[in-house]
*Asks:* 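Please see the structure below; I have some questions.
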Amino acid sequence: MTQSSFKARCVSTSETMADQAALETKSVTLAYEQNVIAKDLSVNIPHGKFTVIVGPNGCGKSTLLRSLSRLLVPKSGEILLNGENIHSQSIREVAKKLGLLPQSAIAPDGIKVIDLVSRGRFPHQKWFQPWSEADQTAVELAMQATGVIDFAQLNVDQLSGGQRQRVWVAMALAQETSLLLLDEPTTYLDIAHQIELMDLFQDLNRIQGHTLVAVLHDLNHACRYADHLIMIKSGEIIATGSPNDIITETLIEAVFGLSCLILPDPISNTPLIIPRGRASTAAN
């Protein structure tokens, strides 16, 4: 099966919902017990885009992503997945529509790559149903798309950090969902593996048609790869839109407390954020 047929298998639902948000929150309050993280938060995740959520540490980025993935129930308001309340849908139903790559995912000891990727087929399995040709095809295509097919028989713990992240992405792709949520996917990776992984995500979005939502710390990665930015501070949405439309020196200083210079990235022509810091002050 070709990459174009893989795209057709994964994004057919999004083609019929082009004008509807893939995910949205409506006036949600998010909290852990009595610790309120965000109030009256309304967010729209557009279909077919690579959305990146950015903001200072502790601002509520990962909390928002957890709520979008159904892992955190809002205290008030609602979260809609393809127009329906996500908590009115079963875990299996949601898993057929949405894949999640959590922070610091840990594989079982001794598990092979192919076996971990195959776990992505859980939403499509029924009691006593044998492994099908459709299951096998989905797993193989996911491994091809992420470049891990040559590692199929290796143990996951034999791989580098970047390779392991690709395997987790392959498992999410094997679910055959059109929507992928990524929680700080480049954490603990060196710069080369970060770029390799971000390029993969961009290909999944632009070539294969997946809607992606990622929490990132690196603002320059966010500006280079995102179609749509959501900037949060203290649980509030400060700005949304394309990087070229919203990123300014004033905004970065207001949200992050960082004095900076913004220039066009010579590779992507997106905003390139250069911190001024003490070095620039000393030079003057």
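The figures that follow rest on heavy atoms only: side chains count, while hydrogens, waters and symmetry mates do not.
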*Asks:* Dump the intermediate steps for side chain to side chain contact (heavy atoms under 4.5 Å, CB included) on Gln208 and Asp203, then the final yes or no.
*Replies:* CA-CA 7 Å; Gln208 298 180 17; Asp203 288 346; 5.9 Å; no
*Asks:* How far apart are the closest heavy atoms of Val54 and Lys61, and which atoms are they?
*Replies:* C-CD, 3.5 Å
*Asks:* Assess the residue pair Leu229 and Ile246 against the criterion (side chain to side chain contact (heavy atoms under 4.5 Å, CB included)); give the C-alpha distance rounded to whole Å, side-chain angles, the decisive distance to 0.1 Å, and a yes or no.
*Replies:* CA-CA 8 Å; Leu229 277 183; Ile246 69 170; 3.8 Å; yes
*Asks:* Could you pull out the closest heavy-atom pair between Ala107 and Trp168, with the gap in Å?
*Replies:*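 Looking at all heavy atoms of both residues, the shortest contact is N-CZ2, 3.5 Å.
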*Asks:* Are Ile232 and Leu71 joined in one hydrophobic group, where the rule is that I, L, V, M, F, W and Y side chains link up if heavy atoms are under 4.5 Å apart?
*Replies:*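 Per the 4.5 Å side-chain linkage, Ile232 and Leu71 are co-clustered.
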*Asks:* Salt-bridge test for Asp183 and Arg66: reply yes if a basic N is under 4.0 Å from a carboxylate O, no otherwise.
*Replies:*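 No, no charged N to carboxylate O under 4.0 Å.
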*Asks:* Under the criterion side chain to side chain contact (heavy atoms under 4.5 Å, CB included), which of Leu72, Leu41, Ile37 is the partner of Leu64?
*Replies:* Leu41
*Asks:* Under the side chain to side chain donor-acceptor pair (under 3.5 Å) rule, what pairs show up with a residue in residues 151-161, not counting sequence neighbours?
*Replies:*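 Qualifying pairs, neighbours excluded: Lys112-Gln153, Ser160-Gln163.
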*Asks:* Taking atom OG1 of Thr177 and atom CG of Leu173, what is their separation to the nearest 0.5 Å?
*Replies:* 7.0 Å
*Asks:* Is the shortest heavy-atom distance from the side chain of Ile262 to the side chain of Ile274 under 4.5 Å?
*Replies:* no
*Asks:* Near Ile191 CD1, under 6.0 Å, is it more than 12 heavy atoms from other residues, nucleotides or ligands?
*Replies:* yes
*Asks:* Is there side-chain contact between Thr29 and Val36, with at least one heavy-atom pair below 4.5 Å?
*Replies:*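 The answer is yes; the side chains approach within 4.5 Å.
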*Asks:* For Val148, is there any backbone N or O sitting under 3.5 Å from a side-chain donor or acceptor partner on Arg166?
*Replies:*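 A pair under 3.5 Å: no.
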*Asks:* Just so I know, are the side chains of Ile79 and Val28 near enough to count as touching, which here means a heavy-atom distance under 4.5 Å?
*Replies:* yes
*Asks:* Taking all non-hydrogen atoms of both residues, which atom of Cys223 and which atom of Ile273 are closest, and how far apart?
*Replies:*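 Between these two residues, the closest heavy atoms are SG-CD1, 4.2 Å.
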*Asks:* Looking at Ser90, is its backbone amide N or carbonyl O close enough to the side chain of Glu93 to form a donor-acceptor pair, meaning the two atoms are under 3.5 Å apart?
*Replies:* yes
*Asks:* Tell me whether Leu23 is reachable from Leu80 by hopping between hydrophobic residues (I, L, V, M, F, W, Y) whose side-chain heavy atoms are closer than 4.5 Å.
*Replies:*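 No, separate clusters.
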*Asks:* Taking atom CD1 of Ile91 as the centre, does the number of heavy atoms from other residues, nucleotides or ligands within less than 6.0 Å exceed 12?
*Replies:* no
*Asks:* Going through the distances and angles, do Leu179 and Leu212 end up as a side chain to side chain contact (heavy atoms under 4.5 Å, CB included)?
*Replies:* CA-CA 6 Å; Leu179 176 60; Leu212 300 184; over 6 Å; no
*Asks:* Would you check if the side chain of Arg70 reaches a backbone N or O of Val94 as a donor-acceptor pair within less than 3.5 Å?
*Replies:* no
*Asks:* What's the verdict on side chain to side chain donor-acceptor pair (under 3.5 Å) for Ser178 and Thr211, showing C-alpha distance, side-chain angles and the deciding distance?
*Replies:* CA-CA 6 Å; Ser178 62; Thr211 299; 5.6 Å; no
*Asks:* Inspect the surroundings of CD in Gln136 and state if more than 12 heavy atoms from other residues, nucleotides or ligands are less than 6.0 Å away.
*Replies:* yes
*Asks:* Considering non-hydrogen atoms only, spot the tightest contact between His193 and Gly162 and give its length.
*Replies:*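 Looking at all heavy atoms of both residues, the shortest contact is CD2-CA, 3.7 Å.
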*Asks:* When you measure from the side chain of Asn205 to the backbone of His210, do you find a donor-acceptor pair of N or O atoms at a distance under 3.5 Å?
*Replies:* yes
*Asks:* Is there a path of hydrophobic side-chain contacts, each under 4.5 Å between heavy atoms of I/L/V/M/F/W/Y residues, joining Phe201 to Leu189?
*Replies:* yes
*Asks:* Using salt bridge (Lys or Arg N to Asp or Glu O under 4.0 Å) as the criterion, list what pairs up with Glu184, not counting sequence neighbours.
*Replies:*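 Applying salt bridge (Lys or Arg N to Asp or Glu O under 4.0 Å) to Glu184 gives none.
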*Asks:* Please determine, by modelled atom types, if Ser42 and Thr25 share a side-chain donor-acceptor pair under 3.5 angstrom.
*Replies:* no
*Asks:* Identify the residue among Arg121, Lys96, Lys97 that makes a side-chain hydrogen bond (donor to acceptor under 3.5 Å, both in side chains) with Glu176.
*Replies:*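 Option passing the side-chain hydrogen bond (donor to acceptor under 3.5 Å, both in side chains) with Glu176: Arg121.
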*Asks:* Counting C-beta onward and ignoring hydrogens, is there a side-chain heavy-atom pair between His87 and Pro74 closer than 4.5 Å?
*Replies:* yes
*Asks:* Among the clusters formed by ILVMFWY side chains lying less than 4.5 Å apart, do Leu272 and Val52 turn up in the same one?
*Replies:*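 As far as the 4.5 Å side-chain criterion goes, Val52 and Leu272 are not connected within one cluster.
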*Asks:* Between Lys39 (side chain only) and Ser27 (backbone N and O only), is there a donor and an acceptor less than 3.5 Å apart?
*Replies:*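 No.
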*Asks:* Quick one: do the Asp115 and Ser118 side chains pair a donor with an acceptor below 3.5 Å?
*Replies:*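 Absent: no donor and acceptor within the cut-off.
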*Asks:* Taking the side chain as every heavy atom from C-beta outward, state whether Thr240 and His228 have any atom pair closer than 4.5 Å.
*Replies:* yes
*Asks:* May I ask you to test the Ile230-Val43 pair for a side-chain heavy-atom distance under 4.5 Å?
*Replies:*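 SC-SC contact between Ile230 and Val43 confirmed.
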*Asks:* Would you give the length of the straight line joining atom CE of Met171 to atom CD1 of Ile114, rounded to the nearest 0.5 angstrom?
*Replies:*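 It is 14.0 Å, given to the nearest 0.5 Å.
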*Asks:* Verify the distance criterion only: is there a donor paired with an acceptor across the side chains of Gln144 and Glu140 at less than 3.5 Å?
*Replies:*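 No donor-acceptor contact under 3.5 Å links the two side chains.
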*Asks:* Got a second to check how far Ile252's CD1 is from Cys260's SG, nearest 0.5 Å?
*Replies:* 5.5 Å
*Asks:* Could you tell me whether the side chain of Glu253 and the main chain of Leu258 form a donor-acceptor pair under 3.5 Å?
*Replies:*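 Here the side-chain-to-backbone pair does not exist.
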*Asks:* Begin with the C-alpha distance, continue with both residues' side-chain angles, and end with the deciding distance and a verdict on side chain to side chain contact (heavy atoms under 4.5 Å, CB included) for Thr146 and Val167.
*Replies:* CA-CA 7 Å; Thr146 52; Val167 171; over 6 Å; no
*Asks:* What's the spacing between Gln202 CD and Leu197 CG if we round to 0.5 Å?
*Replies:*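 Output value for this atom pair is 12.0 Å.
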*Asks:* Side chain to side chain donor-acceptor pair (under 3.5 Å) between Ser62 and Gln103: does it pass, once the steps are laid out?
*Replies:* CA-CA 9 Å; Ser62 291; Gln103 288 186 45; 3.2 Å; yes
*Asks:* Would you check if the side chain of Arg276 reaches a backbone N or O of Ser259 as a donor-acceptor pair within less than 3.5 Å?
*Replies:*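 Between the backbone of Ser259 and the side chain of Arg276 there is no qualifying donor-acceptor contact (under 3.5 Å).
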*Asks:* Cation-pi check for Phe50 against Arg206: NZ or CZ below 6.0 Å from the six-membered ring centre and within 45 degrees of the axis, yes or no?
*Replies:*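 Arg206 over Phe50 ring: no.
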*Asks:* Do Val73 and Leu65 share a hydrophobic cluster (ILVMFWY, side-chain heavy atoms under 4.5 Å, transitive)?
*Replies:* no
*Asks:* Could you check whether any side-chain N or O of Asp265 sits under 3.5 Å from a backbone N or O of Thr270, counting only pairs where one atom can act as donor and the other as acceptor?
*Replies:* no
*Asks:* Indicate yes or no: at least one non-hydrogen side-chain atom of Val113 is less than 4.5 angstrom from one of Met143.
*Replies:* yes
*Asks:* Which atom names give the shortest non-hydrogen contact between Pro108 and Arg119, and what distance separates them?
*Replies:*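 Closest approach of Pro108 to Arg119: CG-NH1, 3.6 Å.
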*Asks:* Would the number of heavy atoms belonging to other residues, nucleotides or ligands and lying under 6.0 Å from CG of Asn35 be above 12?
*Replies:* yes
*Asks:* Side chains of Tyr225 and Asp199 only: does a donor on one sit below 3.5 Å from an acceptor on the other?
*Replies:*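 Present: a donor and an acceptor within the cut-off.
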*Asks:* Any idea which heavy atoms bring Ile86 and Ser69 closest together, and the distance?
*Replies:* CD1-C, 4.4 Å
*Asks:* What's the spacing between Ile53 CD1 and Leu216 CG if we round to 0.5 Å?
*Replies:* 9.5 Å
*Asks:* Are Glu24 and Ile45 close enough that some pair of their side-chain heavy atoms sits under 4.5 Å apart?
*Replies:*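 Answer no - side chains too far apart.
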